[in-house]
Protein chains: 2
Amino acid sequence: MQERNTLQKRIVHETLIRMCNHPTADEVVAEVQSTYPTISRATVYRILNKLADSGEALRIRINNGADHFDHQTFPHYHVHCSSCGKVADVTMPVKELGSMLSDTSGYKIQGYSLQFDGLCPECQENEEIEAGA
Amino acid sequence: MQERNTLQKRIVHETLIRMCNHPTADEVVAEVQSTYPTISRATVYRILNKLADSGEALRIRINNGADHFDHQTFPHYHVHCSSCGKVADVTMPVKELGSMLSDTSGYKIQGYSLQFDGLCPECQENEEIEAGA
DNA sequence: ATCCCTAATGAGATTTAGTATCAATAACAA
DNA sequence: TTGTTATTGATACTAAATCTCATTAGGGAT
């Protein structure tokens, strides 16, 4: 017997799919607990890790902050707003970055992580308002 | 009076320069304490943060693990060995990644972080030995 | 339908990396 | 030499995530 189809796994996965805003693990915990209050934080973390490991979800590692999760697994990147912390999708092909490296470093490249930091449209507006005042 | 030239700052910076292996903050703490045992962990963290903020050192954010520091500040990237955790330099121009994004996402891009993961030459060897045995 | 094995869960302790607090210390300008 | 205050050291604290382990429940076997 290998992998059991538990209620908790179904709920966490469904919840992640329903939340389209790249939630953190703790945000998923809160959301799941609103309908299933007895689920444990450790369980949600375990299930999200498993989803990320199996490729059913993406783990977005944010500089400094908590990991975010994305149920969309097609190849894309993320922008992280340095002001409000929001995470958004970016679809941009960046080809061959990894393979370009293999000969120069001696490392066998397994992957790379590319993450952008910036200001989201809302925070840009707020900045302008503050500057104007 | 703005910035004071303290013994601690000199020692931490010198130590970082002397350690060419992209140490973590705690590795710097250990190294400094070997000759100056009374220095505080908080002090080393503060000084490294200041060096990174002022551009006198680079902060290398490793997925999952502790930040590493690099006294070399010319533009380059890093490879992180997923097996032993070692960090190595990669010099490869990646131009315009940020500016390519500005129109597609609505974000005002302030920067990006690009980090490679792979196996260092030593760990590749170990892997082959294990596979052969 | 029941039993049994063990994967998975829940609760809480633990770890790791880093920051905050604050009294004591020590640069450095006067 | 002195006074101001940036900086330090010690420690408490926080955040994110993992670990531990007794208990629960999925699902194959009977």
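All figures in this text were calculated on a predicted structure; none of them were measured in a lab.
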Between D/dT8, D/dT18, C/dT19, which nucleotide has the shortest distance from any of its atoms to the side chain of A/Tyr45? D/dT18
Taking atom C1' of C/dT16 as reference, at what distance in whole Å does atom CZ of B/Arg61 sit? 16 Å
Taking side-chain hydrogen bond (donor to acceptor under 3.5 Å, both in side chains) as the definition, give me every residue that meets it alongside A/Asp117, ordered by chain and number, with sequence neighbours left out. A/His80, A/Gln115
By nearest atom, which of the nucleotides D/dT8, C/dT9, C/dG18 is closest to the B/Arg41 side chain? C/dG18
Produce a footprint string for nucleotides 19-30 of chain D: one letter per nucleotide, 5' end first; B if the base is under 4.0 Å from any protein heavy atom, S if only the sugar-phosphate is, - if neither. BB----BBS---
Indicate, with a heavy-atom threshold strictly under 4.0 Å, whether A/Phe69 touches base, sugar-phosphate, or nothing. nothing
Looking across every strand, which nucleic acid part, if any, lies under 4.0 Å from A/Asn64 by heavy atom: base, sugar-phosphate, or nothing? nothing
Once you round to the nearest 0.5 Å, how far does CZ of B/Arg4 lie from NZ of B/Lys9? 9.0 Å
Measure the distance from CG on B/Asp67 to C1' on C/dT19 and round it to the nearest whole Å. 13 Å
Which part of the nucleic acid does B/Ile47 contact within heavy-atom distance under 4.0 Å: base, sugar-phosphate only, or nothing? sugar-phosphate
Rounded to whole Å, how long is the line connecting atom CG of B/Asn63 with atom C1' of D/dA16? 15 Å
Whole-Å gap separating C1' (D/dT7) and CD1 (B/Ile39): 11 Å
Just verifying a value: how many Å separate A/Leu119 CG and A/Glu125 CD, rounded to the nearest 0.5 Å? 12.0 Å
Rounded to whole Å, how long is the line connecting atom NZ of A/Lys50 with atom C1' of C/dT9? 11 Å
Which nucleotide wins on minimum distance to the side chain of B/Lys9, given the candidates C/dG18, D/dT7, D/dA17? D/dT7
How would you label the contact of B/Thr24 with the nucleic acid (heavy atoms, under 4.0 Å): base, sugar-phosphate, or nothing? nothing
